[in-house]
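A short worksheet on the structure shown next.
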Amino acid sequence: MDVYSYVCVLLLCSCVVLGKPTLRKERVHHDPLELIKQANEDNQSFQFDHEAFLGKEDATTFDQLTPEESKDRLGKIVDRIDSDGDGYVTIAELKAWIKRVQKRYVYENVAKVWTDYDLNKDNKISWDEYKQATYGYYLSNPEEFEEATDQFSFKKMLPRDERRFQTADLDGDLAADREEFTSFLHPEEFDHMKDIVVLETLEDIDKNGDGHVDEDEYIADMFSHEEGGPEPDWVRTERDQFSDFRDLNKDGKMDVAEIRHWILPQDYDHAMAEARHLVYESDQDKDTMLTKEEILENWNMFVGSQATNYGEDLTKNHDEL
């Protein structure tokens, strides 16, 4: 690939990143017991906890603190998680804290990019503003991108983004306020956007365009098979998962309802699963509650998880959200 084509690909990736559909690792949800199993297998670093709730970059930042700094920040955060001040952190308190941090992350993310799209500074983002900011160069110079290849092309992404924007635009005025734009960027957090999440997932994986996801398409979404090479054991396990748990009606493929059941299970609570997991791993006296001492004893599990969030909450007011 020459330098010019390479630059085109970089432009393509950077321009569509906010509108980019949810990646595979973000759409797969794990059973709470599986969370515990995975954490036990990773008995050295608890990297699963750190990356699952902060992402690699954030987890790396907190990992750079000394143990003493980490424990000091964590101890102060524990005092705030213990909302009733009884000296114990319950599963309910930990769940509420994690949900609060999740919510704050979503809205802070929108705040960071708001001015990039609100071009006329009217505190709304119209579809035209978003389209211009994201696809303006491509629309003005389409011939420059004819040879550029990427997982998501401008030609496919623009109508896909427009469809998502229209779904987020609840009042139909073709302009998104803060809440509507938040649902556009983070559709998985809003009930009225769940159909879009499912549809985009289907479109990502359904390579033959038949409106279903068969076993090979399901596997190809997570594993690139080299011709003649053996499949790893985990791939064979995923094939079993597909036949046993994904393909509910046993017709050899997943329809829209089965995809929804897979990526948006109704009985799964992300914050509750993590709260139970943290308590399970740290509760030395098995009373289903954590003291500050128990948390600090197992500080390396909490550091970098969404419960801590770098100690930023130490400088924020309780009622900010």
Side-chain angles (χ1 to χ4, degrees), residues 16-31 52 99 102-103 105-107 109-110 113 117 124-131 134-135 151-222 241-242 245-273:
V16 303
V17 65
L18 289 176
K20 187 175 179 180
T22 309
L23 297 176
R24 179 255 168 186
K25 66 173 61 177
E26 295 170 336
R27 44 178 183 253
V28 175
H29 296 275
H30 296 285
D31 181 86
K99 279 188 172 293
Q102 286 175 340
K103 182 179 179 182
Y105 163 77
V106 167
Y107 285 95
N109 173 254
V110 172
V113 303
Y117 297 108
K124 281 192 172 185
I125 296 172
S126 69
W127 166 246
D128 285 340
E129 285 177 312
Y130 179 82
K131 182 172 66 173
T134 306
Y135 299 103
Q151 184 179 2
F152 302 100
S153 69
F154 280 115
K155 190 173 182 180
K156 293 170 63 175
M157 284 302 302
L158 198 156
R160 179 164 161 151
D161 270 356
E162 185 172 15
R163 180 184 64 195
R164 188 196 280 196
F165 193 95
Q166 290 172 347
T167 304
D169 180 24
L170 292 177
D171 59 10
D173 64 352
L174 297 180
D177 59 22
R178 294 269 178 168
E179 192 73 4
E180 289 171 331
F181 196 65
T182 301
S183 71
F184 171 70
L185 293 186
H186 299 275
E188 70 284 351
E189 301 292 333
F190 294 82
D191 288 340
H192 70 281
M193 299 295 290
K194 296 296 176 65
D195 287 344
I196 285 291
V197 175
V198 174
L199 180 58
E200 290 181 359
T201 301
L202 172 61
E203 292 172 344
D204 289 345
I205 308 176
D206 177 24
K207 300 307 182 184
N208 63 13
D210 67 351
H212 296 82
V213 172
D214 60 34
E215 182 178 314
D216 288 337
E217 290 171 329
Y218 173 78
I219 295 298
D221 183 51
M222 60 187 79
Q241 288 284 318
F242 181 89
F245 302 107
R246 311 293 183 225
D247 178 19
L248 300 177
N249 62 8
K250 309 306 176 186
D251 65 352
K253 53 192 176 184
M254 285 194 290
D255 57 25
V256 171
E258 289 167 324
I259 292 172
R260 176 183 286 272
H261 185 270
W262 167 40
I263 66 171
L264 300 172
Q266 293 184 352
D267 58 350
Y268 183 84
D269 186 325
H270 183 79
M272 177 61 80

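Residue numbers count from 1 along this sequence. Quick caveat, the model's predicted, so the values are computed rather than measured.
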For this session: Please step through side chain to side chain contact (heavy atoms under 4.5 Å, CB included) for the pair Lys253 and Glu215, ending with a clear verdict.
Result: CA-CA 6 Å; Lys253 53 192 176 184; Glu215 182 178 314; over 6 Å; no

Distance, nearest 0.5 Å, that separates [atom1] of [X] from [atom2] of [Y]:
X: Asp247; Y: Asp251; atom1: CG; atom2: CG; result: 5.0 Å
X: Ile125; Y: Asp177; atom1: CD1; atom2: CG; result: 10.0 Å
X: Asp255; Y: Asp210; atom1: CG; atom2: CG; result: 11.0 Å
X: Glu179; Y: Phe190; atom1: CD; atom2: CZ; result: 4.5 Å
X: Gln241; Y: Phe245; atom1: CD; atom2: CZ; result: 5.5 Å
X: Leu264; Y: Asp191; atom1: CG; atom2: CG; result: 9.5 Å

For this session: Answer yes or no: are there more than 12 heavy-atom neighbours, outside His186 itself, under 6.0 Å from its atom NE2?
Result: yes

Counting C-beta onward and ignoring hydrogens, is there a side-chain heavy-atom pair between [X] and [Y] closer than 4.5 Å?
X: Tyr218; Y: Trp262; answer: yes
X: Asp214; Y: Asn208; answer: yes
X: Asp169; Y: Trp127; answer: no
X: Glu188; Y: Met193; answer: no
X: Phe242; Y: Ile219; answer: no
X: Tyr117; Y: Phe181; answer: yes
X: Leu199; Y: Ile259; answer: no

Please check this pair: side chain of [X] against backbone of [Y], looking for a donor-acceptor N/O pair closer than 3.5 Å.
X: Asp206; Y: Val213; answer: no
X: Glu129; Y: Ser126; answer: yes
X: Glu258; Y: His212; answer: no

Problem set entry | Glu162 and Tyr135: side chain donor to acceptor below 3.5 Å | no

For this session: Assess whether side chain to side chain contact (heavy atoms under 4.5 Å, CB included) is satisfied between Phe184 and Asp161, documenting all intermediate values.
Result: CA-CA 9 Å; Phe184 171 70; Asp161 270 356; 4.3 Å; yes

Problem set entry | Lys/Arg-Asp/Glu bridge criterion (N-O < 4.0 Å) met for Arg163, Glu203 | yes

Exercise. Is the shortest distance from a Lys or Arg side-chain nitrogen in Glu180 or Lys124 to a carboxylate oxygen in the other one below 4.0 Å?
Worked result: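 The answer is no: the pair does not qualify as a salt bridge.
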
For this session: Would you check, one step at a time, whether the test side chain to side chain contact (heavy atoms under 4.5 Å, CB included) holds for Leu248 with Met254?
Result: CA-CA 8 Å; Leu248 300 177; Met254 285 194 290; over 6 Å; no

For this session: Taking all heavy atoms of Asp171 and all of Asp173, pick out the closest pair and write down the distance.
Result: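 Here Asp171 and Asp173 meet closest at OD1-OD1, 2.8 Å.
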
For this session: Can you see which heavy atom on Arg178 is nearest to which on Thr182, and at what distance?
Result: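 Smallest heavy-atom distance, with atoms named: O-OG1, 2.7 Å.
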
For this session: Could you point out which residue of His192, Glu189, Arg164 forms a side chain to side chain contact (heavy atoms under 4.5 Å, CB included) with Ser183?
Result: His192

Problem set entry | Arg160 vs Lys156, side chain to side chain contact (heavy atoms under 4.5 Å, CB included): CA-CA, chis, key distance, verdict | CA-CA 6 Å; Arg160 179 164 161 151; Lys156 293 170 63 175; over 6 Å; no

